[in-house]
Enquirer: 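Just dropping this structure here.
The sequence lines fix the lettering, A, B, ..., with proteins before strands; numbering per chain opens at 1.
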2 protein chains.
Amino acid sequence: MSEAQDLLFTALADPTRRAIFERLCRRSEQTVGALTAEAGVSQPAVSKHLGVLKRAGLVSDRPQGRQTHYSARLEALSPLVDWTQQMSGFWESRFDDLEDLLKRMDQ
Amino acid sequence: MSEAQDLLFTALADPTRRAIFERLCRRSEQTVGALTAEAGVSQPAVSKHLGVLKRAGLVSDRPQGRQTHYSARLEALSPLVDWTQQMSGFWESRFDDLEDLLKRMDQ
DNA sequence: CATATTCATAACCGAAGAGTTATTGAATTA
DNA sequence: TAATTCAATAACTCTTCGGTTATGAATATG
């Protein structure tokens, strides 16, 4: 439902993009050039990925002269953690035995 | 990198599919028909989504007569939790001040 | 000032993916 | 046995998306 949540899941779905984000989690600020050097795709491709990550809130950019420094915004992952905990919560709060019993009686 | 991890992220990226998984986390076993009734898409579409979720390990199926019961496998989410913790770990273990200092000295 | 570098954007291409309808096979039910 | 229901698969369409090359705008450098 949530638009922001959707952007987050979508942004993390692509392996190349996830790898870029992982690199930014390991080392702090990195330029587009540095990221391109290790991404295995062209510079425009990297720029596009960074755009998607930015719209999802996963990275922030700091233009400096002719280069742009990107860094990871770890806080952006919290909706992911929240969602996981919510799913676990649903799971655990089910009265499985009772439900299953009623279901079998219903058949 | 990890193939299983990739399947997981990909499976959760689509909103319709994520909604199906969420429903299965709330209520236990549900048939394809029950899921279709609330999915907002056709039965074949739901079956395809369930196939993707199953390949990602997120659901298991139990054929019974002419209907198939699906249920969520919550354990399948653990790689997601692991990944998130790993990212946080990378982040926290960085010597940010030192790195930034060296980086500025390098320029 | 002229040249080179860095990044973003535009324009395009091919593959993948999410949806549809039609169909089939298997299992109930009348 | 005949008719019906349930779910999976096939075949197809249309859009999205990840990649490319080409270009442009801004900044740095000789």
Side-chain angles (χ1 to χ4, degrees), chain A residues 1 3 5-24 27 29-56 58-72 103-104 106-107, chain B residues 1 3 5-24 27 29-56 58-72 103-104 106-107:
Chain A
M1 276 292 185
E3 181 63 22
Q5 196 186 45
D6 215 59
L7 279 172
L8 185 59
F9 276 103
T10 304
L12 295 176
D14 181 73
T16 305
R17 196 157 49 222
R18 208 163 56 241
I20 292 176
F21 178 72
E22 289 182 18
R23 289 201 61 76
L24 285 171
R27 305 214 213 289
E29 282 200 337
Q30 299 204 47
T31 66
V32 175
L35 292 168
T36 300
E38 314 216 27
V41 292
S42 66
Q43 173 265 311
V46 172
S47 280
K48 261 203 273 186
H49 282 307
L50 287 169
V52 175
L53 290 172
K54 188 180 171 187
R55 262 181 280 117
L58 283 164
V59 302
S60 57
D61 59 341
R62 183 176 63 84
Q64 182 194 23
R66 66 184 165 189
Q67 51 195 7
T68 310
H69 299 262
Y70 282 86
S71 49
K103 199 160 290 178
R104 286 197 201 95
D106 208 19
Q107 285 168 358
Chain B
M1 276 292 184
E3 181 63 20
Q5 196 186 44
D6 217 59
L7 280 173
L8 185 58
F9 276 103
T10 303
L12 295 177
D14 181 74
T16 304
R17 196 157 50 223
R18 207 163 55 241
I20 292 175
F21 178 72
E22 290 181 17
R23 287 201 62 76
L24 285 171
R27 306 213 213 290
E29 282 199 339
Q30 300 203 47
T31 66
V32 176
L35 292 169
T36 300
E38 314 216 26
V41 292
S42 67
Q43 173 265 311
V46 171
S47 279
K48 259 203 273 186
H49 282 307
L50 287 168
V52 174
L53 289 171
K54 187 180 171 187
R55 263 182 280 117
L58 283 163
V59 301
S60 59
D61 59 341
R62 183 177 63 85
Q64 181 194 24
R66 66 184 166 190
Q67 49 196 7
T68 310
H69 299 262
Y70 281 87
S71 49
K103 200 160 289 179
R104 287 197 200 93
D106 208 19
Q107 286 169 353

Enquirer: Tell me the interatomic distance from A:Q64, atom CD, to C:dT6, atom C1', rounded to whole angstroms.
Expert: 12 Å
Enquirer: From CZ of A:F9 over to P of D:dT16, roughly how many Å is that when rounded to an integer?
Expert: 21 Å
Enquirer: Tell me: CG of B:L50 to P of D:dC6, nearest whole Å?
Expert: 16 Å
Enquirer: Rounded to whole angstroms, how far apart are CG on B:D6 and P on C:dG17?
Expert: 10 Å
Enquirer: Students often get this wrong, so: under 4.0 angstrom with heavy atoms, is A:T16 touching a base, only sugar-phosphate, or nothing?
Expert: sugar-phosphate
Enquirer: Figure out the CG/P separation between B:D61 and C:dA26, and round it to whole Å.
Expert: 17 Å
Enquirer: On DNA chain C, check which nucleotide each of A:G33 and B:V41 is closest to and give me the residue with the more 5' one.
Expert: A:G33
Enquirer: State, to 0.1 Å, how close B:A13 and B:R18 come at their nearest heavy-atom pair, and which atoms those are.
Expert: O-NH1, 3.3 Å
Enquirer: Could you state the CZ-P distance from B:R18 to C:dG17, rounded to the nearest angstrom?
Expert: 16 Å
Enquirer: Which comes earlier along DNA chain D counting from the 5' end, the contact point of B:A34 or that of A:T10, where each point is its nearest nucleotide?
Expert: B:A34
Enquirer: Locate the shortest heavy-atom distance separating B:D14 from B:H49; write the atom from each residue and the value.
Expert: OD2-CE1, 3.3 Å
Enquirer: NA contact type, B:P63, heavy-atom cut-off 4.0 Å: base, sugar-phosphate, or nothing?
Expert: nothing
Enquirer: Is the phosphate of C:dG25 approached by B:R66 (side-chain N or O, under 4.0 Å from OP1 or OP2)?
Expert: no
Enquirer: To the nearest 0.5 angstrom, please state how far the CG atom of A:L58 sits from the CZ atom of A:F21.
Expert: 5.0 Å
Enquirer: Applying a 4.0 Å non-hydrogen cut-off, can you work out what A:T31 is touching in the nucleic acid: base, sugar-phosphate, or nothing?
Expert: sugar-phosphate
Enquirer: Could you check whether A:T68 gets within reach of a base, just the sugar-phosphate, or nothing at all, counting any heavy atom under 4.0 Å?
Expert: sugar-phosphate
Enquirer: Kindly say if A:H49 contacts the phosphate of D:dC17, meaning a side-chain N or O under 4.0 Å from OP1 or OP2.
Expert: no
Enquirer: Heavy atoms from C-beta onward define the side chain here; which of C:dT20, C:dT9, D:dA7 lies closest to that of A:P44?
Expert: C:dT9
Enquirer: Classify the side chain of B:K48 versus the base of C:dG17 as yes if they form a donor-acceptor pair under 3.5 Å and no if they do not.
Expert: no
Enquirer: Write down the distance between CD1 (B:I20) and P (C:dA18), rounded to a whole number of angstrom.
Expert: 11 Å
Enquirer: Kindly indicate whether the side chain of B:Q43 and the base of D:dA8 share any N or O donor-acceptor pair separated by less than 3.5 Å?
Expert: yes
Enquirer: Could you check whether any side-chain N or O of A:R17 sits under 3.5 Å from a backbone N or O of A:A11, counting only pairs where one atom can act as donor and the other as acceptor?
Expert: yes
Enquirer: Is there a side-chain polar atom (N or O) of A:Y70 under 4.0 Å from OP1 or OP2 of C:dT6?
Expert: no
Enquirer: When you check the phosphate oxygens OP1 and OP2 of D:dT20, does a side-chain N or O of A:S42 lie under 4.0 Å from one of them?
Expert: yes
Enquirer: Taking CG from B:L7 and C1' from C:dA16, how many angstroms apart are they, rounded to a whole number?
Expert: 15 Å
Enquirer: Which heavy atom of B:A39 sits nearest a heavy atom of B:T16, and at what distance?
Expert: O-CG2, 4.4 Å
Enquirer: Could you please spell out the steps behind the side-chain contact (heavy atoms from CB on, under 4.5 Å) verdict for A:L24 and A:Q30?
Expert: CA-CA 7 Å; A:L24 285 171; A:Q30 299 204 47; 4.0 Å; yes
Enquirer: If you pin A:R17 and B:S47 to their nearest nucleotides in DNA chain D, which one's is more 5'?
Expert: B:S47
